[in-house]
Number of protein chains: 2
Amino acid sequence: MAKVSDQEILIGLMSVFRSKGYDGASLNELAEATGLKKASLYHRFPGGKKEMTDAVLDFMENWVNEKIFKVMSNAEVAPQIRLKDALYNIGEVYGNGTEVCLYRSLSMDTGMSLFGAKIERGINQWLEAFTVLGKEMGLDKEKAFKVAQQNFVEVQGSLVLSKAMDNTAPFAEALKNIENRYQT
Amino acid sequence: MAKVSDQEILIGLMSVFRSKGYDGASLNELAEATGLKKASLYHRFPGGKKEMTDAVLDFMENWVNEKIFKVMSNAEVAPQIRLKDALYNIGEVYGNGTEVCLYRSLSMDTGMSLFGAKIERGINQWLEAFTVLGKEMGLDKEKAFKVAQQNFVEVQGSLVLSKAMDNTAPFAEALKNIENRYQT
DNA sequence: TTTTATTTACCGAACGTTCGGTTATTTTAA
DNA sequence: TTAAAATAACCGAACGTTCGGTAAATAAAA
């Protein structure tokens with residue numbers, strides 16, 4: 001029996017990578033955040049820090065798939081409601097503007113050269129979810145993709161601003177803008 | 001006589017801090033980027049890495065003041081032209097979408113606790129420049145500030161997207177959006 | 001000659017990683 | 001069903017390397 005579950009470990013690791021980035025995340029810190037000792041972390045992740053980050057990125061990709069893509073594609077729910085649900089989830093994962101995006105934290109040089117492909121995949125899934133919704137709401141393919149990109153841009157940009165200004169208002173407004181963007 | 005000028009040093013330091021962040025920027029790398037040896041850097045910056053970063057942030061703040069604020073406030077030039085000039089400068093400093101924002105790179109936990117105040121000051125000056133222009137073009141104070149914020153959000157967000165997707169189009173579009181935003 | 005600038009050589013501390021070994025748990029054999 | 005063997009999980013201590021930073025020595029300017 002594991003002392004700490006895989007999911008608990010991933011959540012701990014993610015929190016450190018998000019706030020410190022790849023270079024800034026030390027093994028001591030990562031171990032402390034998971035509740036395991038350094039050497040035990042290496043038992044779970046023989047590939048070391050790199051493997052831990054890969055696992056966190058997979059975890060995040062899965063989250064995007066479950067909490068954004070599937071929600072947005074669920075044909076049993078009215079589009080307006082799907083959007084609201086997905087935006088709620090987005091608000092939650094970013095602590096309503098107080099938390100940073102994992103993809104952004106890992107987008108420095110070191111992270112990009114190690115995980116660039118995975119980051120790109122995750123963002124594309126994010127964009128695809130909004131594109132699907134846009135098309136369902138009557139936009140043509142290109143327009144739907146453009147709107148999806150704009151949504152991503154505003155979420156990321158507002159997170160930068162909210163963080164730097166220590167004020168969650170820009171992020172809240174970005175979410176509101178996105179919702180308005182799909183008003184009929 | 002200095003082997004390397006202050007400005008050359010600052011440019012070298014900034015390039016490393018931008019691409020690597022604070023934690024990821026090692027003194028060996030910083031030294032190499034300036035053309036000086038590590039110990040010589042310490043002669044110029046007795047306060048070490050922290051002082052180097054402070055100097056780079058001051059350098060950046062000065063850049064924002066010269067290349068954005070003053071340009072935007074120059075009453076001798078038509079507002080449309082001022083905007084165009086400032087946007088051109090913004091495009092240049094970000095390599096038209098290929099380069100990262102210093103404030104973003106230093107916005108991880110370590111950087112925020114050390115330089116949060118300075119980062120906030122720099123961003124506020126950025127916002128103030130656009131607010132001035134907006135007011136001159138007939139917007140009321142609050143609206144002008146809101147538009148300035150939106151501009152910042154789109155620049156930052158599009159930089160994240162352009163970097164991750166290795167595609168400068170989102171950044172170019174963000175600049176275009178900003179210009180359109182002040183169309184009469 | 002004195003001051004300033006630069007460099008070589010070096011330091012303790014922290015880094016990511018590995019090792020040797022202990023304790024649980026699971027699997028196999030009797 | 002129990003005992004032995006194998007495996008999985010964990011941890012303290014240490015590895016070699018790189019970190020940020022310093023002292024002493026050399027080179028250049030004033």
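These numbers were taken from a predicted model, which means no experiment stands behind them. We name chains A, B, ... by the order of the sequence lines, and we start the count at 1 in each one.
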For nucleotides 27-30 of chain D, print each protein N/O atom paired with a nucleotide N/O atom at under 3.5 Å, atom names and distance only.
none

- Note on the structure: Shortest non-hydrogen pair, B:Lys20 vs A:Met108, comes out as C-SD, 3.8 Å

- Do the side chain of A:Ser73 and the main chain of A:Lys70 share a donor and acceptor less than 3.5 angstrom apart? no

- More than 12 heavy atoms from other groups under 6.0 Å of CD on A:Glu179: yes

- Is the shortest distance from a Lys or Arg side-chain nitrogen in A:Glu136 or A:Arg82 to a carboxylate oxygen in the other one below 4.0 Å? yes

- Message: I want to check something: taking the side chain as every heavy atom from C-beta on, are A:Gln149 and B:Pro170 in contact at a cut-off of under 4.5 Å?
- Response: yes

- Note on the structure: Per the under-4.0 Å heavy-atom filter, residues of residues 11-29 of chain B near DNA chain D come out as B:Ala25, B:Ser26, B:Leu27, B:Asn28

- Report yes if the side chains of B:Val153 and A:Glu173 come closer than 4.5 Å at any heavy-atom pair, otherwise no. no

- Going by heavy atoms in the side chains, are A:Phe171 and A:Thr98 under 4.5 Å from each other? no

- Message: Does any part of the side chain of B:Glu61, heavy atoms only, come nearer than 4.5 Å to the side chain of B:Phe69, both counted from C-beta?
- Response: no

- Which residues share a side-chain contact (heavy atoms from CB on, under 4.5 Å) with A:Ser26, sequence neighbours left out: A:Asn28, A:Glu29

- Task: Would you confirm whether the ring centroid of B:Trp63 sits within less than 6.0 angstrom of the ring centroid of B:Phe59?
- Result: no

- Message: Using a 4.0 Å cut-off on heavy atoms, which residues in residues 36-54 of chain A reach DNA chain C? List them by number, or say none.
- Response: A:Lys38, A:Ala39, A:Tyr42, A:Gly48, A:Lys49

- Query: Which residues within residues 102-111 of chain A lie with some heavy atom under 4.0 Å of an atom in DNA chain D?
  - Reply: none

- Query: Is the CD atom of B:Glu142 crowded by more than 12 outside heavy atoms at less than 6.0 Å?
  - Reply: no

- Item | Test item: side-chain donor near acceptor, B:Glu154 and B:Gln150, under 3.5 Å | yes

- Task: Extract, from 5' to 3' on DNA chain C, the first and final nucleotides lying under 4.0 angstrom from some heavy atom of chain B.
- Result: C:dA5 to C:dT8

- Query: B:Thr53 versus B:Lys118: any side-chain heavy-atom pair under 4.5 Å?
  - Reply: no

- Task: Decide yes or no for A:Asn124 and B:Met165: does some side-chain heavy atom of the first lie under 4.5 Å from some side-chain heavy atom of the second?
- Result: yes

- Query: Side chains of B:Ile178 and B:Asn151: closer than 4.5 Å at any heavy-atom pair?
  - Reply: yes

